Amino acid sequence: MIQSINHQVVKVGIAELDIVKTPDTIRTSGLGSCVGVVLYDETKKIAGLVHIMLPDSNLARAETLNSAKFADTGIKALIERLKIEGVQTFRLKAKIAGGAQMFKFTSAKDTMRIGPRNVEAVKKELKKNSIPIIAEDTGGNSGRTIEFDPATCMLNIRTVNQGVMEI
Amino acid sequence: MGQIEKITSLHLDVLKEIGNIGAAHAATSLSELLRKKIDMHVPKVEMVSFNDMMEHVGGAETVVVGIYLRIEGDVDGSMFFILPIAQANRFIQRLINDPHFNFNEHPISEIGLSAMQELGNILSGSYLSALSDFTGLKIYPTVPGLSVDMFGAIISIGLIEISEVSDHVIAINTSIFEEDIKHRNEVQGHFFLLPDPESFTSIFKSLGVS
């Protein structure tokens with residue numbers, strides 16, 4: 001209980017990434033079609049979270065690239081950030097949540113399927129880096145707020161309609 | 001992105017006028033539907049980061065009733081009509097004549113959902129047809145979708161298209177409220193019009209501003 005006095009929640013915004021060490025936790029709110037990717041090292045009790053909006057940095061048409069926005073560059077950037085803290089990639093494990101389809105449309109436009117596309121892209125990038133997905137809560141049509149505790153390696157997921165669960 | 005950086009106060013006035021005309025027509029429709037006086041605030045046009053956008057209406061986690069549609073044609077973009085639960089309950093209770101209807105009670109009654117869907121159709125329709133008449137631009141809206149969920153999860157859909165080009169969004173934000181309870185902040189309905197970055201040029205051109 002002594003630890004909990006100094007416990008802080010690191011907040012990660014949309015298209016942002018950050019890392020956290022125990023006893024702190026890391027959190028992102030209001031994930032819709034976006035995907036929250038948590039990478040963690042169980043032994044070092046360090047975790048990182050990236051809030052991804054788009055599947056592929058090839059979609060970018062901006063002059064400056066915010067790497068945390070895309071699945072491919074976001075996961076790479078998070079791995080690099082964790083390496084600075086002395087985490088080795090082969091020790092990393094992943095938990096992911098999000099990728100919902102908030103509105104049902106019959107439109108052919110790809111934007112409407114962005115949730116599932118984000119999830120696919122995240123899985124592809126994790127596989128490329130040989131990072132196993134330990135747990136996931138993806139798809140559906142509910143928004144999610146997620147919080148990861150590196151001490152227990154549990155991901156707390158809150159939705160409006162289905163309450164709270166841990167994976 | 002280049003276009004967004006060159007926006008002047010004249011451009012902002014044009015966008016405010018669009019919000020003004022759209023929301024005024026929607027407020028009139030709503031007033032007729034509810035047989036109640038509906039008022040509106042002066043439109044706000046803001047260029048904000050995605051995170052600041054998520055902080056509207058009480059923050060990313062606030063549960064709201066959201067109507068969303070895409071517009072296509074001479075102007076592409078996303079449009080939202082966002083109601084705090086308390087306000088949505090008041091409107092729908094009045095529309096379906098059921099004082100017990102509540103968006104917080106699951107499962108939400110079908111008749112209430114369908115009334116909300118219809119309310120979304122009517123209001124977004126009057127907003128967009130006023131906009132189209134005013135600018136002479138062709139605007140084709142999709143059928144609106146309805147979701148009762150976290151504000152962040154809903155509004156982020158409108159940021160997807162923009163996020164390919166930019167990390168900022170220009171939002172035309174107009175709020176409406178019942179005149180007799182205007183002092184209560186939590187019962188404001190918000191129209192958010194988020195034109196895609198490429199569409200600003202056609203909006204400005206249509207009104208003779210280059």
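All values below come from the heavy atoms of this structure, side chains included, with hydrogens, waters and symmetry mates left out. To find a chain, count down the sequence lines: A is the first, B the second, and so on, and within it residues start at 1. Keep in mind that what you see is a predicted model, and the values were worked out from it rather than measured.
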What do you reckon, is [atom1] of [X] surrounded by more than 12 foreign heavy atoms closer than 6.0 Å?
X        : atom1 : result
Lys44(B) : NZ    : no
Leu65(A) : CG    : yes
His25(B) : NE2   : no
Lys45(A) : NZ    : yes

Interchain contact, Thr159(A) with chain B, by part (heavy-atom threshold 4.5 Å): backbone
Non-hydrogen atoms of chain A under 4.5 Å away: do they reach the side chain of Ile155(B), the backbone, both or neither?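 Nothing of Ile155(B), per the 4.5 Å heavy-atom cut-off to chain A.
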To check you understand the geometry: which heavy-atom pair defines the closest contact between [X] and [Y], and what is its length?
X         : Y         : value
Ser33(A)  : Ile157(B) : OG-CD1, 3.9 Å
Gly66(B)  : Phe103(A) : O-CE2, 3.8 Å
Thr145(A) : Met150(B) : OG1-SD, 3.4 Å
Glu61(B)  : Arg158(A) : OE1-NH2, 2.7 Å
Ala153(B) : Gly143(A) : CB-CA, 3.6 Å
Lys69(A)  : Ser163(B) : NZ-O, 2.7 Å

Would you say Val148(B) and Val160(A) make side-chain contact, with heavy atoms under 4.5 Å?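 In short, these two side chains do not touch, never coming nearer than 4.5 Å.
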Out of curiosity, [X] [atom1] to [Y] [atom2], how far, rounded to the nearest 0.5 Å?
X         : Y         : atom1 : atom2 : value
Asp149(B) : Asn161(A) : CG    : CG    : 6.0 Å
His51(A)  : Phe50(B)  : NE2   : CZ    : 11.0 Å
Met54(B)  : Cys34(A)  : CE    : SG    : 6.5 Å
Asn118(A) : Ile160(B) : CG    : CD1   : 6.5 Å

Only one of Leu31(A), Ile114(A), Ile14(A) forms a side-chain contact (heavy atoms from CB on, under 4.5 Å) with Ser156(B), so which one is it? Ile14(A)
With chain B, the option among Ala15(A), Ser142(A), Ala100(A) that has the most non-hydrogen atom pairs under 4.5 Å is Ser142(A)
Using a cut-off of under 4.5 Å on heavy-atom pairs, state which of Asn51(B), Leu159(B), Ile154(B) scores highest against chain A. Asn51(B)
